[in-house]
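A short worksheet on the structure shown next.
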Amino acid sequence: MTESAEKPVAPVLSLVVPMFNEAGNLDRLFDRLAQVMADLGESYEIVCVDDGSRDDTVARALEHRRRDPRIKVVELSRNFGKELALTAGLRHTSGQAVVMIDADLQHPPEVIKDMMREWRQGFEMVIAVRRDRDDESAVKRLAAKVFYEVFGRVSEVRLPPGAGDFRLLDRKVVKVLNAMPEHARFMKGLYAWVGFRQTIIPFDVAERAHGETKFNLFRLWRLAVDGITSFTSLPLKVWTFMGMLVASFALLYGLLFIVKTLILGIDVPGYPSLIVAITFFSGVQLISLGVIGEYLGRVFAEVKNRPLFVVREAHGCGDDVDKE
Ligand code: UDP
Ligand code: MG
């Protein structure tokens, strides 16, 4: 490798950029980042995590790296999803502060200046909160709203509405996140779980510079289920109450039948209600089984204890990093 000459000096700021098929955005991204970093005048590194892109993202990123060795490239062996790409990125940073930013320029790099200012004032986590979600479809907006509502009610942590992965983390926070072993990584929940001194700065989401979002409704559904199951076991417990409720109802109904038969004698109607009851409660039972399955599947994933992600090659990341 040609990188052995590099001295592992920890920079002040590390940027983590997850990339999945973002080749078309890289020139603009590195341009904008370089400008902002020049204004800031801090030492920095850019840790690009290639999440198994099928286009020439890696080649393009490495090309930029040849011109500027502060750009580092962590190649994952396949697509692991954004949460794990971020996890991999965090583990390859060495800066005192770490900012995670999307590759599609939806997160304006200029906001990093404000984040650094807040960080200098002593905040350990600076969360950039989007002002509105106008850029998204009505379905996605509604889904997000329902998710935050449900999550807020059932989970042990609170998510600030509109907060995403665009945020600054102090090294202290990064250390804690790096030490978390869990496989089902719902980052937004983990950030909230770790605590620390947090502050919020609003920003306007930009249009995606190039390409399309990688999150279709199915992936968002998976993310939402991951989030809920990682932060509450309420869905498992509600079935106990559901069962008690249904059983008491059945008991009362049975008593009613006995009394009715004693007074009025036997009659046979009830076929439709029987069918409705059977299908309804089969459905309820299947749902409860499904919920148990969701948790069991996660327990299974955790006990297998496989690595969270696999790195093919980490260009420019020396031994100074917190790889666990
Ligand atoms: N991303 C990733 N792995 C994935 C999906 C997305 O690393 O499996 C990256 C993507 O390249 C981008 C960021 O995550 O830098 C946000 O993705 P996207 O813009 O598609 O999501 P949205 O902005 O619609 O939430
Ligand atoms: Mg985007």
Side-chain angles (χ1 to χ4, degrees), residues 14-33 46-61 64 71-93 98-109 111-112 127-145 147-148 159 161-167 183-188 191 203-224 226-227 308-312 314:
S14 297
L15 302 178
V16 171
V17 195
M19 298 176 175
F20 179 48
N21 299 338
E22 302 285 2
N25 287 321
L26 294 194
D27 292 346
R28 254 169 302 189
L29 174 74
F30 289 125
D31 258 13
R32 289 269 296 276
L33 288 179
I46 303 178
V47 178
C48 308
V49 184
D50 172 63
D51 190 14
S53 297
R54 285 179 281 272
D55 63 1
D56 54 353
T57 300
V58 179
R60 297 282 284 277
H64 281 275
I71 296 175
K72 307 182 172 175
V73 184
V74 177
E75 281 181 62
L76 299 187
S77 61
R78 63 170 170 84
N79 180 247
F80 282 88
K82 185 182 180 190
E83 312 296 301
L84 290 175
L86 286 171
T87 305
L90 287 178
R91 292 200 182 171
H92 285 82
T93 58
V98 177
V99 170
M100 287 160 293
I101 184 166
D102 281 2
D104 56 3
L105 288 169
Q106 284 198 282
H107 298 161
V111 178
I112 297 174
I127 310 166
V129 171
R130 45 159 70 194
R131 284 215 178 82
D132 52 51
R133 308 181 74 109
D134 281 353
D135 58 312
E136 292 179 336
S137 68
V139 183
K140 226 171 155 178
R141 275 209 304 264
L142 181 73
K145 205 169 160 222
F147 171 73
Y148 281 100
L159 304 182
D165 294 307
F166 189 26
R167 56 181 85 205
H183 288 68
R185 289 185 99 76
F186 179 63
M187 294 302 280
K188 291 188 205 36
Y191 305 134
F203 79 103
D204 292 308
V205 197
E207 292 275 307
R208 200 173 217 289
H210 179 272
E212 281 175 7
T213 173
K214 291 3 181 245
F215 288 89
N216 54 29
L217 278 179
F218 182 67
R219 268 186 104 152
L220 286 173
W221 165 256
R222 298 302 316 160
L223 190 66
D226 264 348
L308 298 181
F309 51 83
V310 179
V311 174
R312 179 185 298 121

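In this chain, numbering begins with 1 at the start of the sequence shown. Ligands are counted one by one from 1 in listed order, and the atoms in each one are counted from 1 as well.
Looking from atom 16 (C) of ligand 1 to the surrounding protein, the closest heavy atom is Asp102 OD2, 3.2 Å. The closest protein non-hydrogen atom to atom 14 (O) of ligand 1 is Lys82 CD, 3.3 Å. Shortest contact from atom 15 (O) of ligand 1 to any protein heavy atom: Pro18 O, 2.8 Å. The nearest protein atom to atom 6 (C) of ligand 1, hydrogens excluded, is given as Lys214 CG, 3.6 Å; this is a heavy-atom distance. Of the protein's heavy atoms, Arg208 NH2, 3.5 Å lies nearest to atom 18 (P) of ligand 1. The single protein non-hydrogen atom nearest to atom 1 (N) of ligand 1 is Phe20 CB, 3.8 Å, given as residue, atom name and distance.
Here the CD1 atom belonging to Ile71 is positioned 5.0 Å from the CD1 atom belonging to Ile46, to the nearest 0.5 angstrom. Remark: Leu105 CG to Leu26 CG distance equals 9.5 Å, nearest 0.5 Å.
Below 30°, between 30° and 60°, or above 60°: for Phe166 and Phe203 the angle between ring planes is above 60°, a perpendicular geometry.
Glu75 and Arg312 are joined by a salt bridge, as a carboxylate oxygen and a charged side-chain nitrogen come within less than 4.0 angstrom of each other. Under a 4.0 Å N-O distance rule, the pair Arg60/Asp55 does not qualify as a salt bridge.
Seen from the ring of Phe30, Arg28 does not count as a face-on cation partner, given the 6.0 Å and 45° thresholds.
For the side chain to side chain contact (heavy atoms under 4.5 Å, CB included) criterion with Arg91, the lone passing option out of Val311, Val74, Leu308 is Leu308.
Of all atoms in ligand 1, numbered sequentially from 1 with element shown, those under 4.0 Å from a heavy atom of Ala103 are 15 (O). Taking a cut-off of under 4.0 Å to the non-hydrogen atoms of Met19, the atoms of ligand 1 that pass are 7 (O), 11 (O). Which parts of ligand 1 touch Thr213 is read off a 4.0 Å heavy-atom cut-off, strictly below it: atoms 20 (O), 21 (O), 22 (P), 24 (O). Atoms of ligand 1 lying under 4.0 Å from at least one heavy atom of Arg219, given by number and element, are 4 (C), 8 (O). Remark: ligand 1 atoms within the under-4.0 Å shell around heavy atoms of Asp51 are 2 (C), 3 (N), 4 (C), 7 (O), 8 (O).
Considering backbone and side-chain N/O atoms, Ala85 never comes within less than 3.5 Å of an N/O atom of ligand 1.
Taking the side chain as every heavy atom from C-beta outward, Arg32 and Ile101 never approach each other to under 4.5 Å. For the pair Leu159/Tyr191, no side-chain contact is recorded, criterion being any heavy-atom separation below 4.5 Å from C-beta on.
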* CA sep, side-chain torsions, deciding dist, call: Met19, Val58, side chain to side chain contact (heavy atoms under 4.5 Å, CB included) -> CA-CA 9 Å; Met19 298 176 175; Val58 179; over 6 Å; no
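Minimum interatomic distance between Phe20 and Asp51 (heavy atoms only, all atoms of both residues): CD1-O, 3.2 Å.
Looking only at its N/O/S atoms, Asp104 has OD2 as the one nearest to the Mg ion (ligand 2).
Residue Glu22 touches ligand 1 through its side chain alone, judged by heavy-atom distances below 4.0 Å. Proximity of His107 to ligand 1, defined as any heavy-atom pair under 4.0 Å, is not found for any part of the residue. Using a 4.0 Å cut-off between heavy atoms, Asn79 contacts ligand 1 through its side chain alone, with no backbone atom that close.
Not a single N/O/S atom of Asp102, whether from backbone or side chain, sits less than 2.8 Å from the Mg ion (ligand 2). Among the atoms of Gln106, an N, O or S atom falls under 2.8 Å of the Mg ion (ligand 2).
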